[in-house]
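Down below is the structure, laid out as C-alpha cells.
Computed over heavy atoms, backbone and side chain alike; hydrogens, waters and symmetry mates excluded. A note on names: the letters A, B, ... follow the listed sequences, proteins ahead of strands, and every chain is numbered from 1.
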2 protein chains.
Amino acid sequence: MAVSSLHVTKPTPVHSAESCRPVTEILARIGDKWSVLVVMMLSEGPRRFSELRRMIDGISQRMLTLTLRGLERDGLVTRTVTPSIPPRVDYELTTLGRSLREPVTALGRWAIDNRPAMLKARAAYDAAQDGD
Amino acid sequence: MAVSSLHVTKPTPVHSAESCRPVTEILARIGDKWSVLVVMMLSEGPRRFSELRRMIDGISQRMLTLTLRGLERDGLVTRTVTPSIPPRVDYELTTLGRSLREPVTALGRWAIDNRPAMLKARAAYDAAQDGD
DNA sequence: CTGCATCCTCCTGGATACTG
DNA sequence: CAGTATCCAGGAGGATGCAG
C-alpha cells in the first residue's frame, strides 16, 4: 500500500491516551496517600498490623485497614491471621507486590534527584505571582 | 566504638518512612487524575491548549488549566503565549519534565505487564467475598 | 490486637456561564 | 481560543466508639 503525505493534519500519536490508560489505572491504585508507603514498609519482610501502624507516622487505623485491603484485593500483599489471644495478623508482599518495588524505586530516585529543582521552580513561580 | 548486639528490638529500617517522603511528595503531585496524561501528551513536542483538550478524552477545561498550572509551577512545563487574534498558547515539557518520562514509562511498563495479574487477583478476591 | 461502623470535614473535580 | 469564576456532588480520609 502506497503511503502518501496526504491529510497529515496531525503527526502520528505515539503516546495516545489509549496506551496510557494502564498507567492511569495503576496511578489510581498506588497514587493514593498511603499505598506506596505501606508497600515500602513491607519491603524487608512481613509486618504486623500494629508494626505498620507505628512505622507509618500519621496514618489512621481506618486508612491502614483500607489500604491493606486494597493492596490485598489487587494481589500485592497477603494477609495471614493467627487466631491467638490476642489475635495476630501479618501482612507480606506477594511476588507481584515485590515486583512493584522496582518501578516505584525508580520513581523514588527521580524524586530524590529532582526534588530540589522542583522546589526551586515552585518558589520562583510563587515569587513571580506575588511580584505581579 | 564496640558494636554490641544489645537492644536489637528491631532490625535496621532500610526503608524508613523518612526516606520515602520524597516519593510521597512526587506522588501527591503526579498522582492526580490528569498530570501524567498531560506529560505523556507533551512527550512528542509542544502542544496548544485546545490540542491537549482534544487529545485527552474526558478532561474538562477547568482541570486542564489547573493541571497545566500545577506542572508549570513545579517547573515541568513551560507556557508560551502568542498574543495573536485569536490568542494562542503553547505548552512544552522542560528538561525536568522530559526526565520524568523515564520513571513514569517504567511504571507504565510494569502496569502493562502486570495488569492482567492484578485484574485476576481482584476478580478472585471479589468472588471470594461474594462466596462467603 | 485487629477491625468495623459511624459521623463529619475537606478537597477534588465536573458542569456551566461569563471575560479578553 | 484561552482562561476565570461559581456552584455542586462525590469521594478521601480523620476521629471516635464498639466488637471479637
Find the distance [X]:[atom1] to [N]:[atom2] and express it as a whole number of Å.
X	N	atom1	atom2	value
L66(B)	dG14(C)	CG	C1'	11 Å
R62(B)	dT19(C)	CZ	P	19 Å
I30(A)	dA12(D)	CD1	C1'	17 Å
F49(B)	dG20(C)	CZ	C1'	15 Å
R53(A)	dC4(C)	CZ	P	14 Å
L68(B)	dT4(D)	CG	P	11 Å
M63(A)	dT16(D)	CE	P	17 Å
D32(A)	dG11(D)	CG	C1'	12 Å

- prompt: Salt bridge check: are R88(B) and D90(B) linked by an N-O gap of less than 4.0 Å?
  reply: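 So R88(B) pairs with D90(B) through a salt bridge.
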For [N], does OP1 or OP2 lie under 4.0 Å from any side-chain N or O of [X]?
X	N	value
R79(A)	dG3(C)	yes
R48(B)	dA2(D)	yes
Y91(B)	dC1(D)	no
R69(A)	dC4(C)	yes
R88(A)	dT2(C)	no
S50(A)	dT2(C)	yes

- request: Let me see the working for Y125(B) and R69(A) under side-chain contact (heavy atoms from CB on, under 4.5 Å), right down to the final yes or no.
  value: CA-CA 10 Å; Y125(B) 184 93; R69(A) 284 292 178 282; 3.5 Å; yes
field: Inter-residue atom distance D74(A).CG - I30(A).CD1, 0.5 Å rounding
entry: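 If I round to the nearest 0.5 Å, the distance is 11.0 Å.
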task: Could you pick out which residue, G58(A) or Q61(A), lies toward the 5' side of DNA chain D when each is mapped onto its nearest nucleotide?
output: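 Upstream on the strand: G58(A).
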query: If you check the K33(A) side chain, which of dC1(D), dG13(C), dG14(D) turns out closest?
result: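 Ranking dC1(D), dG13(C), dG14(D) by closest atom to the K33(A) side chain puts dG14(D) first.
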message: Hydrogens and angles aside, do Y91(A) and R79(A) bring a side-chain donor and acceptor to less than 3.5 Å of each other?
response: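 Yes.
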For L96(B) against M118(A), the heavy-atom pair lying closest together: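 Distance-wise, the nearest heavy atoms are CD2-CG, 3.8 Å.
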